[in-house]
4 protein chains.
Amino acid sequence: MARKTKEDTEHTYHQLLDAATLLFIEHGVAKTTLNDIAQRAGMTRGAVYWHFTNKDAVIKALWERNAGTAHHSFTHSLRNLDPQHPIAHFRQLIKSLLHNVISDPKLSQAMRIIMHCIEFSDEKTDLQQFLYRFRDDFYDALHTALTTLAQYHALRDDMNAAVLTSSLWAYINGLIHTHLEPDSKTVDLQQHYAALLDLWLNAALR
Amino acid sequence: MARKTKEDTEHTYHQLLDAATLLFIEHGVAKTTLNDIAQRAGMTRGAVYWHFTNKDAVIKALWERNAGTAHHSFTHSLRNLDPQHPIAHFRQLIKSLLHNVISDPKLSQAMRIIMHCIEFSDEKTDLQQFLYRFRDDFYDALHTALTTLAQYHALRDDMNAAVLTSSLWAYINGLIHTHLEPDSKTVDLQQHYAALLDLWLNAALR
Amino acid sequence: MARKTKEDTEHTYHQLLDAATLLFIEHGVAKTTLNDIAQRAGMTRGAVYWHFTNKDAVIKALWERNAGTAHHSFTHSLRNLDPQHPIAHFRQLIKSLLHNVISDPKLSQAMRIIMHCIEFSDEKTDLQQFLYRFRDDFYDALHTALTTLAQYHALRDDMNAAVLTSSLWAYINGLIHTHLEPDSKTVDLQQHYAALLDLWLNAALR
Amino acid sequence: MARKTKEDTEHTYHQLLDAATLLFIEHGVAKTTLNDIAQRAGMTRGAVYWHFTNKDAVIKALWERNAGTAHHSFTHSLRNLDPQHPIAHFRQLIKSLLHNVISDPKLSQAMRIIMHCIEFSDEKTDLQQFLYRFRDDFYDALHTALTTLAQYHALRDDMNAAVLTSSLWAYINGLIHTHLEPDSKTVDLQQHYAALLDLWLNAALR
DNA sequence: CATGAATGAGCCTTCATTCAT
DNA sequence: TATGAATGAAGGCTCATTCAT
C-alpha cells in the first residue's frame with residue numbers, strides 16, 4: 001500500500017500495539033505470532049516489521065507507551081517527597097500507585113503482560129534487561145523514599161529502610177500480581193486497596 | 001535394546017525431569033524443546049515421549065514431584081490448626097512455609113518455574129487449570145486457617161478474614177516472587193524472612 | 001522534493017552503481033539487496049527503482065559503464081588487425097588487454113563481479129543472455145583475429161585457428177579468473193603477465 | 001515416516017544429493033531452495049534437514065562425494081611423481097586429470113557447480129573456506145610437481161616453477177571453465193584436450 | 001526525483017509428532 | 001525401552017515491489 005499521512009501512520013502504530021496487547025493477554029506472548037498481531041489489526045506481517053524490528057520490540061514499545069509515563073512520574077515523586085509532609089505524601093503516593101494500576105486499563109494491561117504473560121529465565125535477553133531496568137529503577141526509588149522517611153524518623157525503629165523496602169516491594173507486587181491473575185480468588189482490590197495498604201503502612205511507619 | 005530394570009526406568013524418568021527443570025529455568029518453558037530436554041539428559045526425544053505425552057505433562061510431573069508433598073502437607077495443616085495453640089501454630093506454619101521455599105532446592109525450582117518461567121493467559125489450558133487448582137486449594141486453606149483464627153478472635157477486628165487472607169496471600173506471594181526473581185535486588189530472605197513475616201503477623205493478629 | 005539538476009541525477013546514478021559494485025564484490029550478487037545498495041549510496045530503495053527496473057538492470061548498467069568501452073575497443077581492434085604488422089599488433093593487443101584488466105579498477109571490478117560474484121545456470125535469464133552476448137562477441141573477435149593470422153601463415157601449422165582460439169580463450173580467461181579470485185595464490189600478474197602471455201604466443205605463433 | 005534400514009537411509013542421502021546437483025546446475029545455488037531439493041527427490045524439507053544442517057552442508061557433501069576421491073588421488077600423485085619417469089608421469093597426470101573432468105559426469109557436475117553456479121565474494125564464509133582449501137591444496141600439489149620437475153631440469157630455464165605453476169593453473173582452470181560453461185562456443189574438449197595440453201606442455205617442459 | 005508505508009510471497013529453520021525397528 | 005528417520009505445520013524474517021505523497 002502506498003504512503004500515508006503522518007496521522008495514518010501513527011494510527012497504524014497504535015492499532016498494532018493494541019492488537020498485540022489483547023493477544024498477549026489472551027494467549028501469552030510466546031504463543032502470539034507477529035502474524036496474529038497483524039491480522040488482528042487488519043494488516044499484514046510486513047506492517048508489523050515496518051514499525052517494529054521484532055516481537056521484543058513490540059513488547060518494549062507497548063510497555064513504554066502504556067506504563068512509561070506512570071513509571072517516570074511515580075519514581076520521580078518517590079525520589080522527591082514533599083519535605084513538609086513526607087509521610088502523608090508517601091502514603092498518598094503508594095495509594096495512588098495502586099489506584100492507577102487498578103483503574104487505568106492501559107497500565108493494568110501492560111503490567112499484566114509483563115507479570116503473567118511473559119517468561120523470565122536466566123537468559124539475559126535484551127527484553128529482560130530492558131524490563132529489569134524499570135523494575136530496578138522503581139525498587140531504587142522506593143528505597144530512596146523509605147530512606148528519606150527514615151531520616152525523618154518516620155519508620156519503626158526495629159527494621160531498617162532496606163528491609164522495609166523489600167517488604168513493601170513484595171507486598172505491592174503481590175497485591176498487583178494476585179489482582180491481575182486470571183481467575184483471581186482474592187477480594188476486590190478496587191474496594192479494599194486503601195485498607196490493605198494501610199495495614200502495611202500503619203505497621204511500618206509510625 | 002536390552003530390557004531395563006524398574007530402577008533404571010525410574011532413574012531415566014528423574015533424569016528427564018531434572019534436565020527439564022534446569023532448562024526451564026535457564027531458557028524458559030516456551031523456548032525449551034523436548035529435544036533439548038532429551039539431549040540434556042543424554043537421551044533422544046523418544047525417551048521423553050515414552051515417559052510423558054507432551055511438554056505440559058512434563059511440567060505437571062515436575063510440579064507434583066517437587067512441590068506436591070509440601071503442598072499437601074501445608075494445606076492439610078492450615079486446615080487443621082492445633083486447637084490448643086492456633087495462633088502459634090499458624091505463625092509457625094507460615095514461617096516454615098517460607099523457610100521451606102527458601103531452603104528446599106527442588107521446591108524453590110518448581111516455584112520459580114511456575115512463577116517466572118511459564119506464561120499464564122486467559123486461555124484455560126489444561127496445564128493452567130491444573131496449576132490453578134493447586135493455587136486455589138492453597139488460597140482456600142489459608143482462608144480456612146484465618147477464618148478459624150477469627151473464631152478464636154485472634155484477628156484484628158477492623159478487617160475480616162477474607163480481606164486478611166488476600167493480604168497475606170499477596171504478601172507471601174510477593175516475598176517468594178521477588179525472592180526467586182533473576183537478579184533480585186531485595187534483601188536476603190534467608191536472613192530476614194522471620195522479621196518480614198512478623199511485620200505482617202503482628203499487624204494482622206492480636 | 002526539490003527538482004534536481006541533470007548533473008545531480010547523473011551523480012546519483014553513478015553513486016548507486018558504485019555502491020552496487022562494492023556490495024556485489026563484498027557479499028555476492030544474490031545476497032545483495034536493492035535496499036543494501038540504496039543505503040550504501042545514502043538513499044532509499046525508491047531511488048534505485050527510479051534508475052533501474054531491478055537488480056539485473058543494475059548489473060547490466062554496471063557492466064556497460066565499466067567494461068563497455070574496453071570491450072568494444074578490443075573487439076574492434078581484433079577484427080581489424082593492422083595489415084602491415086598483424087602479428088605484432090595481435091601480440092600487443094593481447095598484452096594490453098591483460099594490462100587493462102589488471103590496471104583499470106573499474107574494469108577489473110566489473111570482471112570480478114561477472115566471473116566470481118554471479119551465478120550462471122542453465123536458465124537463459126535475460127541477464128545471462130546479455131552477458132553471454134558480450135562473451136560470444138569477444139570469442140568471435142578472437143577467432144577472427146586468429147583466422148586472419150592464419151591467412152598470414154602466422155600460426156603453427158599443426159593446429160587450426162579454431163583450436164588455437166579455444167586455447168587462448170581458455171588461457172586468458174584462466175589468467176584473469178585466477179588473478180581476480182579472493183585469496184589468490186598465483187604469482188603477481190602485474191609483474192608476470194607479459195612473460196605468461198609470451199609463453200603461449202611463442203608456442204602458438206611462428 | 002518411520003525408521004528405515006541403513007540402506008534406505010543411504011539411498012535417501014544420495015537421492016537428495018543428486019536432486020541438489022541437478023537443481024544447482026539448472027537454476028544456480030542461490031535460487032535453489034531446500035524445498036526444491038526435497039521435492040525433486042520426492043521428499044519433504046525435513047528430510048533434507050535430517051541429513052544436512054543447511055544448504056552449504058549440501059554443497060560440501062556434494063563436493064566431497066563427487067570430487068573428493070579424484071582430488072585426493074591427483075594431489076597425491078602430483079606430490080609423488082615417479083622418480084624414474086617424472087616428465088612422462090606428469091604429462092600423463094595432467095592429461096588424465098582433464099580426461100576425468102570431461103568423462104566423469106559426477107565430477108564434471110561438481111566442478112561446474114563450484115565454477116559457475118556459486119557466488120564467491122570477499123566474505124569468508126564457511127563454505128568458501130572449505131572450497132578454497134581444496135583449491136589451495138591442488139595448487140600446492142601442482143607447484144610441488146613442477147618444483148620436482150625443475151630439480152630434474154625438465155622445465156624451460158627462463159621461467160621458474162612458481163610462474164609456470166600459475167600459468168598451468170590458469171590454463172587448466174580456463175579449459176575446464178570454458179568447457180563447462182553453458183552455451184560454450186569453444187571446440188570440443190573431448191576431442192582436443194590432448195593437443196591443447198601438449199601446446200602448453202611442449203612449451204613449458206623440455 | 002525520491003521517500004516512506006505497506007503488501008505478499010517465499011525461504012530458512014525449528015519442532016512436535018509418528019512409526020518401524 | 002529407546003532410537004533414528006522422516007513428516008508437516010508453523011514461525012520469523014527478508015525482500016522485491018507498489019504507490020500516494
Side-chain angles (χ1 to χ4, degrees), chain A residues 1-6 8-13 16 30-36 38 42-56, chain B residues 1-6 8-9 12-13 16 30-36 38 41-51 53-56, chain C residues 1-6 8-9 12-13 16 30-36 38 41-56, chain D residues 1-6 8-13 16 30-36 38 42-51 53-56:
Chain A
M1 193 150 292
R3 196 187 184 192
K4 304 251 186 112
T5 65
K6 228 176 202 171
D8 285 340
T9 301
E10 214 164 305
H11 186 231
T12 297
Y13 177 87
L16 288 171
K31 282 187 195 156
T32 298
T33 72
L34 294 190
N35 198 22
D36 294 338
M43 280 160 238
T44 62
R45 248 196 309 266
V48 182
Y49 278 100
W50 179 258
H51 289 280
F52 312 97
T53 47
N54 56 34
K55 209 202 280 183
D56 282 3
Chain B
M1 201 134 294
R3 286 262 147 196
K4 299 231 171 157
T5 67
K6 223 178 204 171
D8 283 341
T9 303
T12 296
Y13 176 85
L16 288 171
K31 282 187 194 156
T32 298
T33 72
L34 294 189
N35 196 24
D36 294 338
M43 281 160 238
T44 58
R45 247 162 310 184
V48 182
Y49 275 101
W50 180 258
H51 289 280
T53 50
N54 56 35
K55 209 202 280 182
D56 282 2
Chain C
M1 199 135 294
R3 288 260 145 198
K4 299 232 174 156
T5 67
K6 221 176 202 171
D8 283 341
T9 301
T12 296
Y13 176 86
L16 288 170
K31 281 187 195 155
T32 298
T33 72
L34 294 190
N35 197 22
D36 294 338
M43 282 160 239
T44 60
R45 247 161 307 184
V48 183
Y49 275 100
W50 179 258
H51 289 280
F52 312 97
T53 49
N54 56 34
K55 209 201 280 182
D56 282 2
Chain D
M1 192 149 292
R3 196 187 183 190
K4 305 251 186 110
T5 65
K6 228 176 201 170
D8 285 340
T9 301
E10 214 163 308
H11 186 231
T12 297
Y13 177 86
L16 288 171
K31 282 188 196 156
T32 298
T33 73
L34 294 190
N35 197 23
D36 294 338
M43 280 159 239
T44 62
R45 248 191 311 257
V48 182
Y49 277 100
W50 180 260
H51 289 280
T53 48
N54 55 36
K55 208 201 281 182
D56 281 3

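Protein chains get the first letters and strands the later ones, always in sequence-line order, with residue 1 at the start of each.
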Worksheet item: Reading DNA chain F 5' to 3', how would its secondary structure be written in dot-bracket notation, given Watson-Crick and G-U pairs with both distances under 3.5 Å, brackets [ ] for crossing pairs and | for partners on other strands?
Response: .||||||||||||||||||||

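Within the structure, every side-chain polar atom (N or O) of A:T12 is placed at least 4.0 Å from both OP1 and OP2 of E:dA5. Considering only side-chain N and O atoms, A:T9 lies nowhere under 4.0 angstrom from the phosphate OP1 or OP2 of E:dG4.
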When you compare the protein's N or O atoms with those of nucleotides 9-12 of chain F, which come within less than 3.5 Å of each other, and at what distance?
unit_1 : atom_1 : unit_2 : atom_2 : d
F:dA10 : N6     : D:R45  : NH2    : 3.4
F:dG12 : OP2    : A:L34  : N      : 3.3

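Panel note: side chain B:K31, backbone A:A30; no donor-acceptor pair is recorded below 3.5 Å.
Residue C:F52 contributes atom CZ, which lies 14 Å from atom C1' of E:dC1 at whole-angstrom precision. Atoms CH2 (B:W50) and P (F:dT1) sit 6 Å apart, rounded to a whole Å. The interatomic distance linking A:M43 (CE) with E:dA5 (C1') rounds to 11 Å, in whole Å. For the pair B:L16 CG and F:dT1 P, the interatomic distance rounds to 13 Å; values are reported in whole Å.
In this structure, B:H51 reaches the sugar-phosphate backbone alone: every heavy-atom distance under 4.0 Å involves primed, P, OP1 or OP2 atoms, never a base.
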Less than 3.5 Å apart, which donor and acceptor atoms pair up between the side chains of residues 45-54 of chain C and the rest of the protein, not counting sequence neighbours?
unit_1 : atom_1 : unit_2 : atom_2 : d
C:N54  : OD1    : C:D56  : N      : 3.1
C:N54  : OD1    : C:A57  : N      : 3.1

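Residue B:A47 is the one, among B:A47 and C:T53, whose nearest nucleotide of DNA chain F lies closer to the 5' end (criterion: closest heavy atom).
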